[in-house]
Amino acid sequence: MSHIDLSNIMNLSALELTPENQSKYADQLSSILTYMDVLKTVTEEPKEAFLWPIHMDAVTREDSPIAFQHPLIEENAPECSMNRFVVPKILTDN
Amino acid sequence: MQFEPVIGLEIHAQLNTKSKLFCSASTEFGANPNTHVTPVSLALPGALPVLNKRAVELAVMAGLAFGCDIQSRSVFARKNYVYPDLPKGYQISQFEHPICLGGAVVLAELNKTIDITRIHMEEDAGKLVHQGANGISGAHASYVDLNRAGVPLIEIVSEPQIQSPKEARLYMERVHHILKFMGVCDGDLEKGSFRCDANISVRPVGQSAFGTRTEVKNLNSFRSIEQSVQYEIDRQISVISSGGTIIQQTMHFDEERGETIALRSKENAHDYRYFPDPDLKPLIVTEDDIASVRLAMREHPDQVLNRLTTDRQLPSHDVKVLMQDVPLLDLFESTCAIAKHVSPKMISKWIVGELNAELKLAKKTTVKAHDLAQIMQALAAKKLSSKMVKDCLPKLVQGVSYDILSDMFGDGQVSDMDQLHGWVDAVMDEHPDVVKKIQGGKVASANFLMGQVMKMSQGRANPDAVRRIILDACARA
Amino acid sequence: MGNILGVAKKIANKDCSCEQVVRHALANVTTDALGLNAVVETFDDIALETAKKWDQHIANGTAPAYAGVPFLIKDNMCLEGAHVTCCSAILTGYKSPYTSTAISRAMDAGFIPIGRTNMDEFAMGSSNEHSVYGPVSNPWNTDYVPGGSSGGSAAAVAAGMVPVTLGSDTGGSIRQPAAYCGVVGMKPTYGTVSRYGLVAFASSLDQIGPFGQSVDDVAIMLEAICGQDPNDATSEKLAVNAFSQHVSMDALSGKRIGVANQLMSDYVDADIRSAVEVVMKKMVDLGATVDFYDFPYIEEALATYYILAPAEASSNLSRFDGVRYGMRHMNADSLGDMIKKTRQHGFGDEVKRRIILGTYVLSSGYYDAYYAKAQSVRAVVTEAYAKLFREFDVLCSPTAPSTAFLKGRHVDDPMTMYLSDIATIPVNLAGLPALSMPCSLSSQGLPIGLQLTGAWFKDHDLLNVATVLEDVLGFTQRYPFSVPEENHAI
């Protein structure tokens with residue numbers, strides 16, 4: 001794990017990074033991932049696959065609709081028109 | 001070279017719930033933008049999903065209808081990708097551990113069974129409207145409406161056992177019919193409640209390995225599935241025949257042009273990074289849960305069909321209408337159960353015929369079975385004439401009860417001979433010329449006298465008896 | 001400010017009104033005599049309005065038990081109408097349209113939220129240096145960090161601004177700053193407090209918990225906020241929730257206490273080890289048995305955590321895209337560009353680092369080696385704890401391998417920073433309850449934290465043991481020398 005290709009990861013995580021940050025992160029990630037190698041020493045298999053720390057029934061809901069309206073929804077929106085969130089055009093030309 | 005197509009379908013059906021899969025926002029169609037939302041469907045910071053119990057019941061119901069194995073433990077996972085109609089940046093969907101495995105769809109007309117791989121639960125995305133020319137590519141801005149975000153869906157994945165566009169269509173129609181019949185999905189294709197993705201590949205006949213497949217997304221009519229699959233098969237064969245290779249890609253079907261169009265390659269390259277959603281514990285469905293769904297669920301359409309044709313012996317037209325109209329079917333079954341000494345055939349004749357027409361006219365779906373049963377009983381006992389029944393149906397549809405209707409008809413149909421003779425005598429006295437015509441052999445003229453008797457009796461006279469009395473009287477005179 | 005019961009009593013006896021108490025607490029915060037930067041915004045309007053409401057109720061005799069007692073919330077908990085930013089630029093200006101369950105329950109019990117505390121951005125950090133509002137200082141020595149990520153909540157209590165605050169703990173974010181600031185901080189059993197309205201960092205690890213000057217205050221606040229919530233699928237129905245009641249001063253008698261060899265080894269400061277040894281002796285004096293055990297997964301747990309927490313975070317933080325709320329980068333030529341630039345400028349370095357790490361360990365080709373392996377080790381660690389709690393009632397260790405460190409020391413060395421959570425992280429992996437309480441001061445005069453860990457849902461027992469120890473250790477309500485007298489006028 002000497003060099004990590006960050007471009008794919010940046011794309012997946014919808015993050016732009018400056019070139020300096022890219023190389024800094026790549027180095028730091030390498031050292032973090034090297035530390036992660038310690039996991040290889042665990043050869044023990046758990047009795048049960050991990051799903052949850054506490055095995056009790058989950059809370060569920062009844063199927064009853066409840067209306068929720070709040071002026072802050074619109075106030076918080078960077079751009080809003082006729083109750084819809086406005087975003088820039090989807091596609092670029094390239 | 002001869003090619004054969006290999007087709008697998010992924011059907012997305014909206015579960016018939018009042019609220020969303022993970023929050024209490026309404027699922028009602030057609031509301032103003034962003035009014036059916038909660039902190040959860042807006043993906044506000046700190047909001048958490050909580051599973052809708054009814055959605056689970058409906059998914060189990062679908063599984064039982066297709067004979068799937070209901071899994072005692074299934075897991076909701078996050079499917080991560082960034083798109084503005086997906087407010088959380090991930091879709092909650094079952095991935096590795098779906099709620100149903102196995103099952104099958106029988107296409108009786110082809111004497112063929114298509115196996116189901118799995119059924120899983122997931123949430124729908126929101127809606128993105130593009131402003132500007134030429135849709136998405138010419139848009140200068142887009143508008144996000146999250147009313148649909150979080151609406152519960154099941155995805156039914158078939159094995160790649162479908163071998164023609166016609167089969168694809170029949171399969172989709174069959175699944176649609178069963179889900180709609182069972183009440184799992186409202187089946188409204190126009191509102192997006194039921195749609196389909198088709199995975200299509202071709203291979204030379206005799207080859208066992210699959211060819212490279214393409215996926216045609218978001219087919220929302222039976223016609224478009226048949227057309228798009230046919231188009232895609234032809235396209236693939238022509239590409240291969242001319243020495244080209246098929247690229248694995250996602251396609252869109254342009255209904256107007258009847259062509260499939262590849263989406264941009266960027267949208268094809270996805271690494272969804274699925275992992276179990278830590279906000280939701282594994283979904284546990286116990287044997288008891290399954291039993292109570294089974295108890296509450298509607299009979300499978302195949303069983304109903306069998307009963308209507310074999311036990312009830314209904315004519316095929318009636319069966320067809322009833323199988324397509326669940327409220328009407330329920331009315332039929334309930335009326336049969338309540339009405340004594342009335343043949344099911346007679347009940348279905350009235351329901352499928354006159355009553356159905358009245359219901360359509362009034363834009364209603366059903367009437368009270370108890371009232372209809374009373375009317376049918378009265379008809380069978382000849383207390384009401386067919387005409388009287390016909391006349392009272394609009395009122396029944398408006399919600400007037402049988403008790404009030406029977407009051408309106410007084411004592412109902414009159415078969416009392418003295419009373420009938422009185423009316424007939426009076427009419428014959430008034431129209432001696434008509435009596436003569438009848439006696440001269442124009443028996444059809446009796447209808448006029450009958451009409452007069454019916455008028456005089458306000459429709460209550462037993463028409464068969466009246467006719468007999470008139471003819472007897474004319475013969476004697 | 002005094003403790004919860006003290007303040008509540010003054011209000012009940014009408015020695016002072018709720019409004020006076022709230023104004024006093026607000027003054028403590030805004031004066032910030034030590035220059036801690038612990039609180040990033042006060043909710044003057046909400047606080048004073050609520051105080052006036054409770055004063056009415058007090059006059060009518062209908063006020064709840066803790067009416068008028070002020071508290072501060074970490075800046076990752078939602079309160080309707082108030083800003084919540086997770087100390088991140090990306091949530092600039094965002095006001096929540098709803099209130100988190102924990103805050104709403106605390107308010108039902110009479111507590112009044114008077115402001116939001118500084119934290120590491122999105123709770124990612126162990127020093128409270130990663131905040132858009134700037135770093136927080138440790139009240140014991142302002143050159144030092146208060147710990148993190150709930151550094152502001154810990155420092156505010158240590159400085160006596162309010163009796164009690166709320167924090168969140170994903171890998172030690174309550175306990176480590178509690179240790180560094182010499183206060184009591186508790187992370188309850190996973191599922192005890194609803195996470196609804198807590199901005200998620202790593203959902204399977206996050207728990208809300210209180211900070212206080214005493215175990216009692218922590219118990220009282222926990223009692224107010226705990227319990228199953230229809231809005232959090234992972235919240236649990238509790239058999240015991242009267243955390244502040246039925247305290248037995250005999251709680252340590254017959255208790256089996258376990259101490260991990262690995263957490264008393266030489267990478268823990270000598271001062272800290274000897275402080276814990278003193279506690280062990282006192283436990284024996286109180287009738288407990290104390291034995292060492294081997295816990296071979298300390299480093300593995302750390303590695304597991306730094307895979308799972310970033311993985312979950314990378315997904316949890318996807319919603320911050322500039323579409324519906326918060327910051328939006330305006331200079332973008334397409335939607336994709338807008339989202340990427342918004343996130344580039346909206347998130348700080350540590351957050352971006354963890355999003356990248358989390359995305360990486362989930363991505364195709366690395367999933368099995370990292371994410372899946374970490375889930376498996378998490379199960380192994382959890383099973384190891386289950387076995388331990390057949391032998392022991394309570395586990396005892398240092399909360400952190402060192403006392404508070406100097407600001408700036410580890411900022412560009414993430415791995416060393418991560419190591420400061422080595423004693424707290426395994427507890428979150430297993431979802432266990434644990435608290436940190438001050439037990440001594442180091443040779444530099446900085447507080448030393450003792451971590452006590454209990455079995456699942458044994459939060460009450462844990463608090464009980466801590467109450468007894470607190471009495472013996474005599475560290476209650478001990479403020480740093482520098483904290484001004486005025487802070488304690490009420």
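Proteins get letters first, then strands, A, B, ... in listed order; numbering begins at 1 in each.
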Compare every heavy atom of A/M36 with every heavy atom of C/A303, then report the nearest pair and how far apart it is.
O-SD, 3.3 Å
Spacing of A/L39 atom CG and C/I307 atom CD1 [to the nearest 0.5 Å]:
4.5 Å
Side chain, backbone, both or neither: which part of C/E299 has an atom under 4.5 Å from a heavy atom of chain A?
both
Which atoms of C/T342 come close to chain A, meaning under 4.5 Å heavy atom to heavy atom: side chain ones, backbone ones, both, or neither?
neither
Honestly, the part of C/L419 sitting under 4.5 Å from a heavy atom of chain A is side chain
Can you tell me how far CD of C/E300 sits from NZ of A/K40, rounded to the nearest 0.5 angstrom?
13.5 Å
Please answer whether the main-chain N or O of A/N21 pairs with a side-chain N or O of C/K352 as donor and acceptor at a distance below 3.5 Å.
no
Which atoms of C/S235 approach chain A - backbone, side chain, both or neither, heavy atom under 4.5 Å
both
side-chain contact (heavy atoms from CB on, under 4.5 Å) for C/E80 and A/H70? Distances and angles first, verdict last.
CA-CA 10 Å; C/E80 185 181 341; A/H70 203 291; 2.8 Å; yes
Are the side chains of C/N231 and A/V59 in touch, meaning some heavy atoms are under 4.5 Å apart?
no
For chain C, which residues from residues 74-82 of chain A lie under 4.5 Å away (heavy-atom distances)?
A/N76, A/A77, A/P78, A/E79
With heavy-atom distances below 4.5 Å as the criterion, would you say the side chains of A/L6 and C/Y360 are in contact?
no
Criterion side-chain contact (heavy atoms from CB on, under 4.5 Å) on A/I32 and C/R354, from CA distance to verdict:
CA-CA 11 Å; A/I32 293 167; C/R354 295 208 202 182; over 6 Å; no
Would you say that C/L357 contacts A/I9 through its side chain, given a criterion of any heavy-atom pair below 4.5 Å between the two side chains?
no
When the 4.5 angstrom heavy-atom criterion is applied to A/N8 and chain C, the contacting part is neither
So, the part of C/Y297 with a heavy atom under 4.5 Å from chain A: the answer is side chain
Scored by heavy-atom pairs under 4.5 Å with chain A, the best of C/I356, C/V377, C/T304, C/D232 is C/I356
If you count the non-hydrogen atoms of other residues, nucleotides and ligands that lie under 6.0 Å from NZ in C/K341, is the total more than 12?
yes
Side-chain touch A/F68/C/P97, heavy atoms, less than 4.5 angstrom
yes
Check each atom of A/T18 against the heavy atoms of chain C and say whether the ones under 4.5 Å are side chain, backbone, both or neither.
both
Could you report the tightest heavy-atom contact between A/V87 and C/L335, atom names first, then the distance?
CB-CD1, 3.4 Å
Looking at every non-hydrogen atom in both residues, tell me the closest pair between C/S376 and A/E45 and how far apart they are.
OG-OE1, 4.5 Å
Any ring pair (Phe, Tyr, Trp, His ring centres under 6.0 Å) pairs touching residues 299-343 of chain C, not counting sequence neighbours?
C/Y94-C/Y325, C/F122-C/F320, C/Y306-C/Y418, C/H329-C/H345
Residues 15-38 of chain A vs ring pair (Phe, Tyr, Trp, His ring centres under 6.0 Å), sequence neighbours excluded, gives none
Minimal non-hydrogen separation, C/K340 against A/L15, with atom names:
CG-N, 4.0 Å
Please round to the nearest 0.5 Å and tell me the distance separating atom CD of C/E236 and atom CG of A/D57.
9.0 Å
Contact class of A/Q28 relative to chain C, heavy atoms under 4.5 angstrom:
side chain
Provide the closest heavy-atom pair for A/S13 versus C/R343 in the form atom of the first, atom of the second, distance.
O-NH2, 3.0 Å
Got a second to check how far C/S363's OG is from A/N11's CG, nearest 0.5 Å?
12.0 Å
Can you tell which of C/L317, C/I355, C/V323 has the highest number of heavy-atom pairs within less than 4.5 Å of chain A?
C/V323
For A/K24, which residues count as a salt bridge (Lys or Arg N to Asp or Glu O under 4.0 Å) partner, sequence neighbours excluded?
C/D349, C/D412
